[in-house]
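Each ligand, and each atom within it, is numbered from 1 in the order the structure gives.
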Amino acid sequence: MDPSNAPGRDSGAVIETTGLSKSFRGFTAVDGVDLTVSEGDVHALVGPNGAGKTTLFNLLTGFLKPSAGQIRLSGRDITGSSPERIARLGVARSFQITNLFEQLTLQQHVELALMGTTKLGHRFWVSDRVLAKFADRAGELLDEVGLARQRDVPAGTLAYGQKRALELALALALDPAVLLLDEPTAGMGMEDVERTVELVKRIRANRTVVLVEHNMSVVAGLADRVTVLQFGRILTEGTYDEVRNDPRVIEAYLGGESAA
Ligand SMILES: Nc1ncnc2c1ncn2[C@@H]1O[C@H](COP(=O)(O)OP(=O)(O)OP(=O)(O)O)[C@@H](O)[C@H]1O
């Protein structure tokens with residue numbers, strides 16, 4: 001057996017990519033990225049527009065197949081695995097665009113998500129007795145994201161920030177070891193941003209969180225480690241304080257503006 005393939009080889013690394021690349025018709029959006037996400041960290045991916053953050057995120061979750069390189073999850077090679085398999089291995093993601101059923105209540109949403117994790121799958125016809133088994137856990141999850149009081153309202157009536165919180169509850173229903181958040185505060189007002197930061201602080205217990213985030217005060221408040229991408233490559237990496245003072249990072253962000 002190739003020792004580099006042994007599970008748990010690098011005990012602290014949950015996600016490890018080597019030479020990870022993705023090209024779209026000759027344009028390289030992610031270019032030889034060696035990323036290590038350590039267990040228990042909140043790890044932020046930042047960088048100017050078009051740096052390759054979303055593409056990297058989609059590679060990590062199997063929504064895109066790499067053109068080259070490898071991805072390991074806790075030492076297991078998952079390069080080219082389907083999103084379903086990666087989810088089964090304990091990686092859940094939230095989406096930037098809310099994708100909810102307007103008429104279903106919050107409780108129903110979470111119950112269905114919980115059911116989807118069992119062999120019952122997403123059956124349309126399930127007895128009340130079976131559903132009741134999920135009800136308690138659904139209530140707990142809604143409580144965790146601060147939506148306990150709205151459990152019986154249709155999702156369509158929620159404010160934007162609350163919809164994002166519901167999406168988090170749906171991702172948490174999978175009880176993921178790794179949670180990937182794609183711009184969790186995008187489009188939110190200041191109050192919702194603060195609430196989301198507090199929420200992520202709560203739900204990070206016992207899990208690893210990777211987030212793509214443009215709001216630097218959110219990154220400052222949450223991230224143990226920050227990877228800065230530019231032109232599909234890692235420009236630098238470190239704590240928030242380390243990267244924010246790095247002249248290359250300042251140049252990368254200002255470069256876009258001065259060029260405009
Ligand atoms: N499906 C695709 N086909 C062609 N080019 C793509 C595709 N997806 C992304 N790209 C290009 O790859 C580059 C990186 O895009 P990506 O969305 O990963 O960047 P980003 O860092 O997430 O940017 P933003 O902060 O604006 O969301 C961009 O130049 C983009 O136009």
statement: One should read off an interatomic distance between K201 NZ and T196 OG1, to the nearest 0.5 angstrom, of 12.0 Å
- prompt: How many angstroms lie between CG in L56 and CG in L35, if you round to the nearest 0.5 Å?
  reply: 6.0 Å
- prompt: ligand 1 and G50, any nitrogen or oxygen pair closer than 3.5 angstrom?
  reply: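 Between G50 and ligand 1 (N or O atoms, distance only) the closest approach is under 3.5 Å.
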message: With respect to A51, determine whether any N or O atom, backbone or side chain, lies less than 3.5 Å from an N or O atom of ligand 1.
response: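 Between A51 and ligand 1, an N or O pair is found under 3.5 Å apart.
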message: Take a 6.0 Å sphere around CZ of R225 and say whether it holds more than 12 heavy atoms from other residues, nucleotides or ligands.
response: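 Above 12, so yes.
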message: Contact between ligand 1 and G52 is defined here as a heavy atom of the residue under 4.0 Å from a ligand atom; is it met?
response: yes
query: If you measure from each heavy atom of H214 to ligand 1, is any distance below 4.0 Å?
result: yes
query: So does R137 pair up with D175, basic N to acidic O under 4.0 Å?
result: no
message: Using a 4.0 Å cut-off to any heavy atom of T55, which atoms of ligand 1 qualify?
response: 9 (C), 15 (O), 16 (P), 18 (O)
Region of F57 that comes within reach of ligand 1 [heavy atoms, distance under 4.0 Å]: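 Under 4.0 Å from ligand 1, F57 contributes no heavy atoms.
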- request: Take T239 and D241 through the side-chain hydrogen bond (donor to acceptor under 3.5 Å, both in side chains) test and state the conclusion after the steps.
  value: CA-CA 5 Å; T239 62; D241 284 331; 5.6 Å; no
